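Notes to accompany the following structure.
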Number of protein chains: 2
Amino acid sequence: MSGMAAGVTIYDVAARAGVSIKSVSRVLNGEANVSPALRESVNTAVAELGYRRNLSARSLAGSSSSIIIAMVDEALTIEHWRSGRGNDYLSRLELGLLMECRQADYYLMVELVDYGAATLRRDLSAMLAAIRPEGVVLTPPNSDHPVVLDVLDEAGVAYARIGPERDLDRGVRIRMDERQAAEDITRHLIELGHRRLAHIAGPSAYSASRLRREGFEAALRKHGLAVDESLILEGDFTFQSGLQGVERLLALAERPTAVFAANDDMALGALQGAAAAGLSVPGALSVAGFDDTPSALFSTPALTTIRQPVAEMAAAAARRLVPTLRGEMPRSSDLNEETVPYQLMVRGSTGPLA
Amino acid sequence: MSGMAAGVTIYDVAARAGVSIKSVSRVLNGEANVSPALRESVNTAVAELGYRRNLSARSLAGSSSSIIIAMVDEALTIEHWRSGRGNDYLSRLELGLLMECRQADYYLMVELVDYGAATLRRDLSAMLAAIRPEGVVLTPPNSDHPVVLDVLDEAGVAYARIGPERDLDRGVRIRMDERQAAEDITRHLIELGHRRLAHIAGPSAYSASRLRREGFEAALRKHGLAVDESLILEGDFTFQSGLQGVERLLALAERPTAVFAANDDMALGALQGAAAAGLSVPGALSVAGFDDTPSALFSTPALTTIRQPVAEMAAAAARRLVPTLRGEMPRSSDLNEETVPYQLMVRGSTGPLA
DNA sequence: GTGAAAGCGCTAACAT
DNA sequence: ATGTTAGCGCTTTCAC
């Protein structure tokens with residue numbers, strides 16, 4: 001009897017507990033006005049029967065579906081498919097969402113979205129109509145997508161935005177302090193004794209690139225170092241551009257002794273460029289990245305970088321979306337925004353000059 | 001009007017097309033006995049209203065829920081959470097599932113499962129009762145979990161098993177040829193001129209370890225090379241064990257000139273061990289791995305390895321689970337088993353002796 | 001504090 | 001070839 005949970009309905013529970021289905025529903029939903037005795041007998045019946053409410057029936061009948069959707073960029077997914085690689089960011093995101101969903105008895109659905117489609121608006125509202133999720137989690141760069149935010153607002157679906165950069169008054173915002181993180185890692189280099197620091201920035205279209213660059217420059221200034229424009233290059237977040245960037249930097253008359261790349265892929269490229277030029281890292285050149293991608297740990301030497309708290313941000317996002325957990329009632333101004341701490345991972349690629 | 005898909009029901013479509021809801025349902029489900037004219041007008045109305053069937057209503061009323069569940073190991077997830085890393089395997093799996101679900105208009109739900117729980121049986125059947133998925137995708141090592149298979153069978157839920165190793169008559173099996181892949185990569189080493197080949201095997205508890213070792217030995221024999229037991233070590237799939245393994249191998253009187261590790265992490269450890277011993281790779285020692293983890297590309301030199309077709313296996317799994325796509329009617333014996341091709345990725349870590 | 005009845009938006013039998 | 005009716009398993013009014 002104990003394993004046969006399939007087919008057990010609220011009527012079975014009600015019958016066993018000798019109450020009405022409404023009472024069972026009340027207990028299950030933690031509503032008020034339920035006598036302890038009734039609650040007790042219902043809970044017993046639920047346990048004995050191995051009952052669990054049917055998700056479809058709940059979302060059809062009620063206003064809450066208990067479903068959270070992670071929207072995934074289709075173009076990016078196809079790209080990953082082609083290259084045969086997974087998506088570390090997405091993986092960490094999901095991990096955070098899953099951990100939180102489990103606690104709140106929520107369900108996680110993953111949906112592919114073609115953000116470039118001309119029919120995006122319609123696609124999205126059709127999807128929302130079909131699933132009626134209780135909340136949606138948005139990731140960069142789509143956390144800022146105006147059409148997406150509009151559709152979500154119109155449909156009255158709650159949403160959390162990871163790393164939003166614009167429209168900072170809409171939805172739940174979950175972020176990390178990119179600027180401060182860049183400043184921290186730069187200060188780490190300065191404290192190692194470096195005075196000629198270079199930065200391989202990301203594409204200026206991304207405001208994360210801008211923030212990281214700002215953090216870099218802020219650290220220099222705070223330590224009385226001049227910002228030398230010839231030591232700041234713009235890459236495109238790829239391994240190649242990091243490699244090329246470091247080649248240019250090493251060709252300068254006055255070489256930098258440390259390079260901070262705006263992401264790990266570029267830093268890894270820089271590492272390879274340094275090796276190709278016969279420079280020992282960190283003896284002759286220190287290299288730092290940003291993101292803490294899986295490869296950062298396995299490069300030689302392992303990469304000093306900033307670990308983005310992706311899973312933690314995702315968990316925070318889910319927490320804000322789920323009423324059960326939301327009950328804590330934070331101060332009103334905090335309500336819709338949360339900054340999650342990052343971590344500076346100091347590894348072998350940075351050190352004092354040998 | 002066009003954006004307001006939320007709230008549009010089958011009744012609205014029926015009214016607009018001037019037909020009954022049953023006719024709309026017929027068209028939507030591609031049932032027979034529908035006149036072209038009716039189909040046409042329904043499709044027009046659907047398009048005009050931006051209608052999409054409500055998932056909950058469908059699964060509640062019908063026998064098909066259009067939901068596929070990817071079961072994810074909770075313990076593993078927590079471990080990843082702690083380490084702050086994503087799960088590349090899972091990510092690639094999902095990618096394949098998503099791509100296939102999109103085509104069939106299916107939905108992907110991700111569920112955490114505590115395979116170690118004493119209440120596993122009950123947990124699973126409760127979950128199945130709550131979601132009523134149309135299919136479940138199982139990943140190693142849980143593709144072989146007897147309790148899981150039993151519960152699934154009892155509940156009558158279809159399931160696909162990625163890389164099954166036992167009970168090869170149950171469910172849909174999707175696999176790659178581990179043995180042949182190991183043989184291929186070993187042959188690659190032999191063809192480079194190596195004659196003293198070592199193997200760092202995985203834990204013998206995993207049958208993948210066994211198969212890879214068999215492939216390794218088969219390649220040796222086919223090329224008239226003796227299998228030297230002193231050159232076969234057992235690791236535990238960790239970086240550390242690869243490092244220690246290669247240290248032991250390099251301490252031998254007659255060193256091997258090539259090492260095939262049963263997974264990338266161990267191969268990466270071997271790479272580091274070789275570097276520590278002052279051996280150039282591949283000039284003095286060739287190193288090959290298995291899996292093609294993300295780090296394999298970024299090691300120095302990049303790792304020669306076998307790319308497991310995880311996404312492709314997942315896609316195949318989903319395809320077998322989804323009736324719409326299943327329609328192709330393969331030869332009966334093929335019906336429930338599919339072997340997906342792997343890829344030998346030759347990179348810088350293997351080459352002839354310098 | 002508890003229960004009866006009416007849907008939620010579909011699909012599935014059964015009409016016709 | 002098309003329509004009518006009755007549920008699926010819950011939540012939600014609204015009674016008591």
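Below, read A as the first sequence line, B as the second, and so on, with proteins coming before strands; counting in each chain starts at 1. Just so it is clear, the structure is predicted and the values come from calculations on it, not from any experiment.
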*Toward the 5' end of DNA chain D, which comes first, B:Ala57 or A:Ser64, by nearest nucleotide?*
B:Ala57
*Cut-off 3.5 Å, side chains only: do B:Ser59 and A:Ser56 have a donor facing an acceptor?*
yes
*asked:* Using salt bridge (Lys or Arg N to Asp or Glu O under 4.0 Å), reason through B:Asp105 and B:Arg52 one step at a time and then give a plain yes or no.
replied: CA-CA 11 Å; B:Asp105 205 18; B:Arg52 186 133 155 222; 3.7 Å; yes
*For D:dT2, does OP1 or OP2 lie under 4.0 Å from any side-chain N or O of B:Ser20?*
no
*Look at the side chain of A:Lys22 against the base of C:dA4 and say whether a donor-acceptor pair falls under 3.5 Å; ignore hydrogens and angles.*
no
*asked:* Between A:Thr339 and A:Arg175, do the side chains contain a donor N or O and an acceptor N or O under 3.5 Å apart?
replied: yes
*Measure the distance from CD on B:Glu40 to C1' on D:dA1 and round it to the nearest whole Å.*
17 Å
_Polar contact flag, side-chain donor to acceptor under 3.5 angstrom, A:Glu100-A:Tyr106_ = no
*Where the side chain of A:Arg26 is concerned, which of D:dC10, C:dC10, D:dC14 is the nearest nucleotide?*
D:dC14
*Interatomic distance, A:Asn29 CG vs C:dT2 P [rounded to whole Å]*: 16 Å
*To the nearest Å, how far apart are A:Leu38 CG and C:dG1 P?*
11 Å
_So, does B:Asn54 get its side chain near the phosphate of C:dC8, meaning an N or O under 4.0 Å from OP1 or OP2?_
no
*What's the CD-P distance between B:Glu31 and C:dA12, to the nearest Å?*
7 Å
*asked:* Less than 4.0 angstrom between a side-chain N/O of B:Ser23 and OP1 or OP2 of D:dG3, yes or no?
replied: yes
_Salt bridge B:Arg320-B:Glu338, side-chain N to carboxylate O under 4.0 Å_ = yes
*Take the protein atom CG of A:Asp12 and the nucleotide atom C1' of D:dC10, then report the distance between them rounded to whole Å.*
13 Å
*asked:* I want to verify a distance call: between D:dT2, C:dG9, D:dC10, whose nearest atom is closest to the B:Asn33 side chain?
replied: D:dT2
*asked:* Given C:dC10, D:dT11, D:dG3, identify the nucleotide with an atom nearest to the side chain of B:Arg58.
replied: C:dC10
_What is the distance, to the nearest angstrom, from the CG atom on A:Leu55 to the P atom on D:dC8?_
18 Å
*asked:* Can you tell me if B:Tyr11 touches the phosphate of D:dG3, counting only side-chain N or O atoms and a distance under 4.0 Å to OP1 or OP2?
replied: no
*Would you kindly give the CZ-to-P distance between B:Arg39 and D:dA1, to the nearest whole Å?*
11 Å
_From C-beta outward on A:Thr9, which listed nucleotide comes closest to its side chain: D:dG9, C:dG3, D:dA1?_
D:dG9
*Side-chain donor or acceptor of B:Arg132 under 3.5 Å from a matching atom on the base of D:dG9?*
no
*Describe the nucleic acid contact of B:Ser56 in one word from base, sugar-phosphate, nothing, applying a heavy-atom distance below 4.0 Å.*
nothing
_Phosphate contact (C:dT11 OP1 or OP2) by B:Ser25 side-chain N/O below 4.0 Å_ = yes
*Charged N to carboxylate O under 4.0 angstrom, A:Glu312 versus A:Arg319?*
no
_Does A:Ile21 reach a base, just sugar-phosphate, or nothing at all? Heavy atoms under 4.0 Å._
base
*Heavy atoms under 4.0 Å, any strand shown: does A:Ser59 hit a base, just sugar-phosphate, or nothing?*
nothing
*Rounded to whole angstroms, how far apart are CZ on A:Arg53 and P on D:dT12?*
10 Å
*Where the side chain of A:Leu60 is concerned, which of C:dC14, C:dG9, D:dT11 is the nearest nucleotide?*
C:dG9
